[in-house]
Amino acid sequence: MVWFCSPPHMKIEPEEDFYHSPKLAKSLKRERDDDNEWEEERYTDGVKWKFLEHKGPVFAPPYEPLPSNVKFYYDGKPMKLSPEAEEVATFFSKMLDHEYTTKDIFRKNFFKDWRKEMTSEEKAKITDLKKCNFTEMSEYFKGLSEARKAMTKEQKLKIKEENERLLQEYGFCIMDNHRERIANFRIEPPGLFRGRGDHPKMGMLKRRIRPQDIIINCSKNSKHPEPPPGTKWKEVRHDNKVTWLVSWTENIQGSIKYIMLNPSSRIKGEKDWQKYETARRLKKCVDRIRAQYREDWKSKEMRVRQRAVAIYFIDKLALRAGNEKEEGETADTVGCCSLRVEHIKLYPENEGQEYVVEFDFLGKDSIRYYNKVPVEKRVFKNLQLFMENKEPDDDLFDRLNTSVLNKHLQELMDGLSAKVFRTYNASITLQQQLKELTNEDENIPAKILSYNRANRAVAILCNHQRAPPKTFEKSMQNLQAKIDAKRDQLANAKRDLKAAKADAKGLRDDKSKKKAVQRIEEQLMKLEVQATDREENKQIALGTSKLNYLDPRISVAWCKKWGIPIEKIYNKTQREKFAWAIDMAEKDFEF
DNA sequence: GGCACGACTTGTCGACACTTAT
DNA sequence: ATAAGTGTCGACAAGTCGTGCC
């Protein structure tokens with residue numbers, strides 16, 4: 001694969017870097033679409049880089065004990081806590097306003113972990129969370145945050161400069177001749193774990209990460225990052241088959257966390273590109289695959305039927321694969337393969353439609369998926385069969401899991417897995433919606449509304465919902481008020497124009513008045529478009545699909561075709577992430 | 001197969017910065 | 001100048017999926 005579009009200032013040794021020469025961009029464009037032999041030429045056997053140097057992570061600032069006048073009270077009496085216990089208490093006190101702290105599980109988990117940090121005296125005394133009074137601590141932190149807001153410009157600037165310094169020192173690494181931005185070079189600070197949805201571990205203590213917890217990954221011939229004075233890294237390794245720079249094990253789930261590169265980096269960009277190329281290959285054979293699973297609905301084998309219905313859901317409804325999860329470790333959420341009988345309802349007939357399936361379950365991040373869809377008769381009959389003699393909490397697809405499913409998909413097409421369908425369907429929907437909705441004669445704001453509507457169709461498909469912003473109603477009213485004011489203004493301008501026309505002497509004014517009317521009309525139209533857009537976007541989040549599912553070349557091509565500035569579609573970060581696409585896609589790009 | 005694990009992508013949210021209205 | 005509204009970005013949780021082991 002070719003990487004030719006990194007910003008020139010990032011280049012370390014331009015003349016040595018054949019693949020990064022902008023001059024080659026044009027000539028290579030023809031080749032890159034259908035093969036990726038370039039990457040294979042550069043790196044074989046999963047090698048991700050040849051040189052990697054970085055400064056290691058930035059640790060969370062150490063705990064600063066409370067001033068002595070800020071007290072914790074137990075059973076109404078002030079009590080001085082040991083620094084360890086005090087720190088954990090401050091975590092709780094900072095969350096007092098949050099609903100979390102009223103939840104039983106949260107309180108139970110917190111109290112259990114807090115007690116582990118107490119001295120034996122403290123442990124003996126503090127036995128009931130209800131008797132703990134954190135309000136003084138809470139007030140203290142509120143005060144601090146007020147003070148932060150009230151800082152002078154100079155103080156704020158100073159902090160900003162310090163952050164910039166840290167970014168320059170720790171926020172970049174060198175990977176194969178490029179200075180690349182790191183995504184998350186700061187180690188997550190300690191605190192109380194807040195899972196999403198009904199999480200059994202909410203409130204547990206997320207412990208502080210120390211140098212001895214950290215594994216550094218870099219190349220042998222690089223300057224290794226130094227641990228803070230008096231400390232040691234857990235390990236320094238040189239594994240160029242992976243892309244991470246730093247890792248540690250987190251104590252809530254025992255999973256590994258990583259420091260990796262920013263989406264603007266070569267390594268992430270190439271991967272992203274590859275993802276869309278896989279989706280485009282699916283486009284070429286999706287008809288065959290669809291025919292295949294429709295055929296499989298009739299199979300004699302139960303597992304084949306289940307597999308075929310599951311793929312149908314994944315394809316038609318853009319469901320996620322649905323790996324099984326360890327019970328009690330995470331919130332109870334499901335995807336396609338882990339659907340249970342209780343998550344669907346079958347209606348032979350519903351609101352004038354035949355064979356309707358009603359889905360109602362919690363998906364990723366405990367976001368509700370609710371949908372009523374008519375399906376083919378065969379699917380319906382199969383579902384009835386799958387549900388026979390089962391309890392509500394039994395698996396719908398008892399002969400299927402993601403591993404089996406993906407193995408099958410892999411056989412149908414190289415690189416095919418469940419999530420490729422999501423990418424494919426999202427991107428193809430955008431492309432098709434853009435074709436359908438864009439009106440040549442409309443102005444730029446109207447075209448952008450069309451773009452957002454196309455984007456919205458995808459977000460709905462992928463179930464990317466959001467809670468309506470707290471200020472939604474208000475901001476809608478404000479916008480409406482603006483529109484009303486603009487309407488009045490327009491009426492006035494029109495009257496002026498009429499008066500000027502009627503008055504023979506006003507000939508000279510006529511032109512400018514006409515212009516004024518036109519300008520106001522345009523402004524009004526812009527506001528109205530904005531209102532429509534916002535209203536339609538009330539419960540829908542566009543960001544996730546834009547960032548993860550929509551081949552950016554479709555958007556870039558659309559912008560080029562209609563003369564829309566790319567900035568109207570992608571903000572700065574997005575443009576950085578999609579630099580590869582902005583550089584390569586022409587107006588005739590077809591997904 | 002089934003399972004644990006590691007690496008990587010996807011997802012939501014809230015803090016903060018920036019902009020505009022008052 | 002301040003408040004309010006809006007957009008951006010980072011934090012970090014929660015998915016997917018391939019691998020290697022038994």
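Proteins come first, then strands; the chains are lettered A, B, ... in the order of their sequence lines, and each starts at number 1. Note that the structure is predicted; figures quoted are calculated from it, not measured.
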Inset, instruction - Just compare C:dA13, C:dT8, B:dG6 and give me whichever is closest to any side-chain atom of A:Asn571. - result: C:dT8
Legend entry - B:dG1 OP1/OP2 closer than 4.0 Å to side-chain N/O of A:Ser403: no
Legend entry - Proximal nucleotide (of C:dA13, C:dC17, B:dG6) relative to the A:Lys206 side chain: C:dA13
Legend entry - Listed nucleotide nearest any side-chain atom of A:Phe193, set C:dG10, C:dA13, B:dG11: C:dA13
Inset, instruction - Mind checking A:Gly322 for me? I need base, sugar-phosphate or nothing, with any heavy atom below 4.0 Å counting as a touch. - result: sugar-phosphate
Legend entry - Selected nucleotide, minimal atom distance to A:Arg196 side chain, candidates C:dA13, B:dT9, C:dG18: C:dA13
Legend entry - Residue pair A:Ile367 / A:Thr333, side-chain heavy-atom distance below 4.5 Å: no
Inset, instruction - Compare side-chain N and O positions of A:His199 against OP1 and OP2 of C:dA13 and report whether any pair is under 4.0 Å apart. - result: no
Inset, instruction - Could you please name the option among C:dT16, B:dG11, B:dT9 that lies closest to any side-chain atom of A:Lys271? - result: B:dT9
Inset, instruction - Please tell me which of the listed nucleotides, C:dC12, B:dT9, B:dA7, lies nearest to the side chain of A:Lys268? - result: B:dT9
Legend entry - A:Tyr170 ring center near A:Phe185 ring center (under 6.0 Å): no
Legend entry - Nearest listed nucleotide, side chain of A:Val242, among B:dA7, C:dA11, C:dG15: B:dA7
Legend entry - Among B:dC18, C:dT16, B:dA7, the one nearest A:Ala321 by side-chain distance: C:dT16
Inset, instruction - Please tell me which of the listed nucleotides, C:dA14, B:dT10, B:dG11, lies nearest to the side chain of A:Lys275? - result: B:dT10
Inset, instruction - Select from A:Gln465 and A:Arg148 the residue whose nearest nucleotide in DNA chain B is closer to the 5' end of that strand. - result: A:Gln465
Legend entry - A:Tyr549 side chain near B:dT9 phosphate (N/O to OP1/OP2, under 4.0 Å): no
Inset, instruction - Choose from C:dA13, B:dG6, B:dT9 the nucleotide whose nearest atom is closest to any side-chain atom of A:Lys419. - result: B:dT9
Inset, instruction - Establish whether the base of B:dT10 is bridged to the side chain of A:Lys364 by a donor-acceptor pair shorter than 3.5 Å. - result: yes
